[in-house]
Amino acid sequence: MPPPAGDPPALLLGPLLRHVDPVSATAWVETDRPCTVDVLGRSARTFRVGGHHYALVVVEGLAPGSTTPYEVHLSTDGTDGVRVWPEEGSPFPPSRIRTPGRPGPFRLAFGSCRYASPGTVDVAEGIPPDALDAYAERVAALPEDEWPDALVLLGDQVYADELTPATRSWLGLRRGGPVRHDAQVHDLEEYTRLYAESWSDPQVRWLLATVPSSMVFDDHEMIDDWNTSAAWRRRVTTTDWWADRIAGGMVSYWVYQHLGNLSPAELAASGTWQAVCALPEGADAEPVLREMAEVADRDPRSVRWSYVRHWGDARLLVVDSRAGRVLDEQSRRMVDDDEFAWIEEQVRAAVADGVEHLLVGTSLPWLLPHAIDAIERWDEALAVRHEGRPLGRLAEALRQAADLEHWAAFGHSFDRLAAALLAAARGEHGRAPATAVVLSGDVHHAYAAEVVSPGGLSGRVHQLTVSPLHNQAPHPIRVGFRIGWSRWARRLTGAIARAARVRPASVEWVKAAGPFFGNQVGELVLEGRRARFVLHVSDHRADGEECLQQVLDLPLAGPVPAAAPAAEVTG
């Protein structure tokens, strides 16, 4: 239903502060009608997608190391702008744009897997307190110089295949009848409901308006096990619902997440963004974006979802480990060769530019518990070696049932990423960064691991995994991941892999901390060549209020360990 004609335009979602560099920023909003959006004197007209209205305001001319409070004003033709952000009576500090270059440590918060918001989830599900909500409350109470400088969300920002009771009720009204308990979204309109549900709670809304965010998808933005294998794709893509699902998922991801990942220069070079901007006023961009989505699903090389963030002494390379997979059983790759060459070039450039900390964001963990890593390698070897035969089909069934589709299940890509990170840590293209850190989520618990072999490294190579922000780990996952780090499980699975003549990983690693369970947020604290990993887990105080408890503060930089990490911590 259109809004009343006499009312001023309203803000439905946002603002989200997205790409921020030393001299520019982008702010994303969704509004209830066509209008002009103004931020710090820079304006943008809304564009229309599926009957919804969005804008991305590019704010340029900022000063490096500056802090600038901002407001959002909306106006229609012939009317004065109406301030819609900050909201009247907000208990939170004013949102502000804080550009890189300020003195002091650089703080990066990260995590993944946020199932809706606390107010919409069925209490009977027993999900612990939302860590992102609690983190926002914590940040709002801190002095500004202790706020995080960046927020990295590593997948499953929405769940298309696990719906709350509120969304199922909404779907029933839209579809004209009751929906099943296991109902899933069908199309773009239903995806917009998921984002509204997830990003409307006040705490997270303020956090996203105040801390620049970088995002990447994982499987649940589309469907569980998305792009697990060629067999999975053959089964799913022949259904009568897949075309609308993948189109709705890709288009909504482009609008709500990917667009804000791009710098002003990348926006100017984006053919899709320029095509949307070139549409006549009032035209709907959904056909343009649906065509992009359909081509991207058929040919992942047509769109690069991976991107880079430049933060002075730190550089973040976010890798698409879902949509760009090569799934042919005889040449499985996490991303195609052209994109991997681009990844390697970004790593070399970071080292050549002298960054102190090289960060790689990928939704799926690179270094897993040793027993799970061995099983994923063993399963892939059987599926490849016996493709089309009974043993190969059994391996495929196990792969899909047990979610054996992390980097270890793409052995060639695992080793290629290892080679790129080891080259950086050796300083092959310049001075080695103090740390090369892979940031991941997905597995509904947290841990830290570190590469200890091969030697000859000048910098330290880590895996930090933090998940979920708001979900839970079923009991089998808790048991499996605790066992996965044990010596006896490693010996057993290693023997199974060797018996099947499975090539081992090209690096050796040890667990530095964890596993930790519960809803949680990780922080990297970087200053010069120093680095720390801080982990917060949500809980309830005695008065019932939600809070975060710090459970880990792990040094990441310093002398490279020969056989064990500098700190051995158990969770």
Next on the checklist: Measuring from atom CG of Asp539 to atom CD of Gln549, what distance do you get when rounded to the nearest 0.5 angstrom?
Outcome noted: 4.5 Å

Next on the checklist: I'd like to know if the side chain of Arg478 reaches the main chain of Ala473, judged simply by a donor and an acceptor atom lying under 3.5 Å from each other, with no hydrogens or angles considered.
Outcome noted: yes

Next on the checklist: Distance check, rounded to the nearest 0.5 Å: Ser214 atom OG versus Leu108 atom CG?
Outcome noted: 8.0 Å

Next on the checklist: So, using ring pair (Phe, Tyr, Trp, His ring centres under 6.0 Å) as the criterion, who are the partners of Trp85 when residues are at least two apart?
Outcome noted: none

Next on the checklist: Side chains of Thr435 and His357: any donor to acceptor distance under 3.5 Å?
Outcome noted: yes

Checklist entry - Judged by atom type as modelled, is there a donor-acceptor pair below 3.5 Å linking the side chain of Tyr191 to the main-chain atoms of Glu221? => result yes

Next on the checklist: Under a 3.5 Å distance rule, please check whether Asp161 uses its side chain to pair with a backbone N or O of Asp224 as donor and acceptor.
Outcome noted: yes

Checklist entry - Are Phe533 and Val466 close enough, and set up right, to give a side chain to side chain contact (heavy atoms under 4.5 Å, CB included), and what steps lead you there? => result CA-CA 11 Å; Phe533 171 40; Val466 175; 3.9 Å; yes

Item to check | Non-neighbouring partners of Phe481 that pass ring pair (Phe, Tyr, Trp, His ring centres under 6.0 Å), sequence neighbours left out | outcome: His445

Checklist outcome for this item: In short, salt bridge (Lys or Arg N to Asp or Glu O under 4.0 Å) pairs touching residues 205-217 with sequence neighbours left out are Glu87-Arg205

Next on the checklist: I'd like to check Leu132 versus His470 (side-chain heavy atoms, cut-off strictly below 4.5 Å). Are they in contact?
Outcome noted: no

Checklist entry - Between Thr164 and Val121, is there a donor-acceptor pair closer than 3.5 Å when you use the side chain of the first and the backbone of the second? => result no

Checklist entry - Take atom CD in Glu144; do more than 12 heavy atoms of anything else shown fall under 6.0 Å from it? => result yes

Checklist outcome for this item: Taken in chain and number order and not counting sequence neighbours, the residues that satisfy side chain to side chain donor-acceptor pair (under 3.5 Å) with Gln550 are none

Checklist entry - Should Gln463 and Ser440 be marked as a side-chain hydrogen bond (donor to acceptor under 3.5 Å, both in side chains) after you check the CA-CA gap, both sets of side-chain angles, and the distance that decides it? => result CA-CA 8 Å; Gln463 167 76 64; Ser440 305; 3.1 Å; yes

Item to check | Set of residues satisfying ring pair (Phe, Tyr, Trp, His ring centres under 6.0 Å) with respect to Tyr70, sequence neighbours excluded | outcome: none

Next on the checklist: Rounded at 0.5 Å granularity, tell me how far CE in Met215 sits from OH in Tyr253.
Outcome noted: 9.0 Å

Item to check | Of all pairs that satisfy ring pair (Phe, Tyr, Trp, His ring centres under 6.0 Å), the ones with a partner from residues 260-283, not counting sequence neighbours | outcome: Phe47-Trp273

Checklist entry - Is a side-chain donor or acceptor of Arg107 paired with a backbone partner of Asp145 at a separation under 3.5 angstrom? => result yes

Validation: residues 134-141 side-chain donor-acceptor distances under 3.5 Å, sequence neighbours left out:
residue : atom : partner : partner atom : Å
Tyr135  : OH   : Glu523  : OE2          : 2.6
Glu137  : OE2  : Gln203  : NE2          : 3.3

Checklist entry - Is the shortest distance from a Lys or Arg side-chain nitrogen in Asp244 or Arg290 to a carboxylate oxygen in the other one below 4.0 Å? => result yes

Next on the checklist: The test is side chain to side chain contact (heavy atoms under 4.5 Å, CB included); show your working for Glu356 and Arg530 and say whether it passes.
Outcome noted: CA-CA 9 Å; Glu356 304 287 12; Arg530 297 189 297 275; over 6 Å; no

Checklist entry - With a 4.5 Å heavy-atom cut-off, do Arg309 and His19 have their side chains touching? => result yes

Next on the checklist: For the CG atom of Asp225 and the CD1 atom of Ile223, what is their distance to the nearest 0.5 Å?
Outcome noted: 8.0 Å

Checklist entry - Charged N to carboxylate O under 4.0 angstrom, Asp133 versus Arg114? => result yes

Checklist entry - Distance only, no hydrogens: is a donor on one side chain within 3.5 Å (strictly under) of an acceptor on the other, for Ser363 and Asp218? => result yes

Next on the checklist: Contact between Ser200 and Leu13 at the side-chain level, heavy atoms closer than 4.5 Å - yes or no?
Outcome noted: yes

Checklist entry - Rounded to the nearest 0.5 Å, how far apart are CG of Leu469 and SG of Cys113? => result 7.5 Å

Checklist outcome for this item: Val318 meets the side chain to side chain contact (heavy atoms under 4.5 Å, CB included) criterion, sequence neighbours left out, with Val216, Tyr307, Leu316

Checklist entry - Is any NZ, NE, NH1 or NH2 atom of the basic residue among Arg174 and Glu189 found under 4.0 Å from an Asp or Glu carboxylate oxygen of the other? => result no

Next on the checklist: Do Leu208 and Leu151 have side chains that approach each other closer than 4.5 Å (heavy atoms only, starting at C-beta)?
Outcome noted: yes

Checklist entry - Between Arg315 and His310, does a side-chain hydrogen bond (donor to acceptor under 3.5 Å, both in side chains) hold up when you go through it step by step? => result CA-CA 5 Å; Arg315 187 162 304 174; His310 297 258; 3.2 Å; yes

Item to check | Where at least one partner belongs to residues 141-190, residue pairs that pass ring pair (Phe, Tyr, Trp, His ring centres under 6.0 Å), sequence neighbours excluded | outcome: Tyr115-Tyr159, Trp147-Trp206, Tyr159-His220

Checklist entry - Taking it one step at a time, do Tyr256 and Glu30 satisfy side-chain hydrogen bond (donor to acceptor under 3.5 Å, both in side chains)? => result CA-CA 9 Å; Tyr256 287 84; Glu30 181 180 357; 3.3 Å; yes

Checklist entry - Just by distance, do the side chain of Arg18 and the backbone of Gln257 share a donor-acceptor pair under 3.5 Å? => result yes

Next on the checklist: Strictly distance-based, threshold 3.5 Å: is any side-chain N or O of Asp187 a donor or acceptor partner for the main-chain N or O of Glu190?
Outcome noted: yes

Next on the checklist: Tell me whether Ser112 contacts the main-chain N or O of Asp442 through its side chain, where contact means a donor paired with an acceptor under 3.5 Å.
Outcome noted: yes

Checklist entry - Heavy atoms, side chains only, cut-off 4.5 Å: are Leu12 and His53 in contact? => result no

Checklist entry - Does a side chain donor of either Thr210 or Arg96 reach within less than 3.5 Å of an acceptor in the other side chain? => result no

Per-pair distances, 0.1 Å, donor-acceptor, side chain in residues 513-521, under 3.5 Å, sequence neighbours excluded:
residue : atom : partner : partner atom : Å
Asn519  : OD1  : Asn471  : N            : 3.0
Asn519  : ND2  : Pro128  : O            : 2.9
Asn519  : ND2  : Pro129  : O            : 2.9
Gln520  : NE2  : Ser467  : O            : 2.7
Gln520  : NE2  : Phe516  : O            : 3.4
Gln520  : NE2  : Gly518  : O            : 3.3

Checklist entry - Excluding sequence neighbours, so at least two apart, what forms side chain to side chain contact (heavy atoms under 4.5 Å, CB included) with Arg42? => result Leu40, Val57, Val59

Checklist entry - Is a donor on one side and an acceptor on the other found under 3.5 Å between the side chain of Ser252 and the backbone of Leu188? => result no

Checklist entry - ring pair (Phe, Tyr, Trp, His ring centres under 6.0 Å) with Phe106: which residues, sequence neighbours excluded? => result Trp311

Checklist entry - Is Arg168 reaching over with its side chain to a backbone N or O of Ala183, donor-acceptor style, under 3.5 angstrom? => result no

Checklist entry - Would you call Asp284 and Arg48 a salt bridge, using N to O less than 4.0 angstrom? => result yes

Checklist entry - Side chains of His73 and Arg83: donor-acceptor distance under 3.5 Å anywhere? => result no

Checklist entry - When the ring planes of Tyr54 and His52 are compared, do they come out parallel, tilted or perpendicular, using 30° and 60° as the limits? => result parallel

Checklist entry - How long is the gap from CG on Leu163 to CD on Glu197, to the nearest 0.5 Å? => result 8.0 Å

Checklist entry - Quick one: does Thr99's side chain get under 4.5 Å of Val23's, heavy atoms only? => result no

Checklist entry - Taking atom types as modelled and ignoring hydrogens, do the side chains of Thr46 and Thr31 form a donor-acceptor contact shorter than 3.5 angstrom? => result no

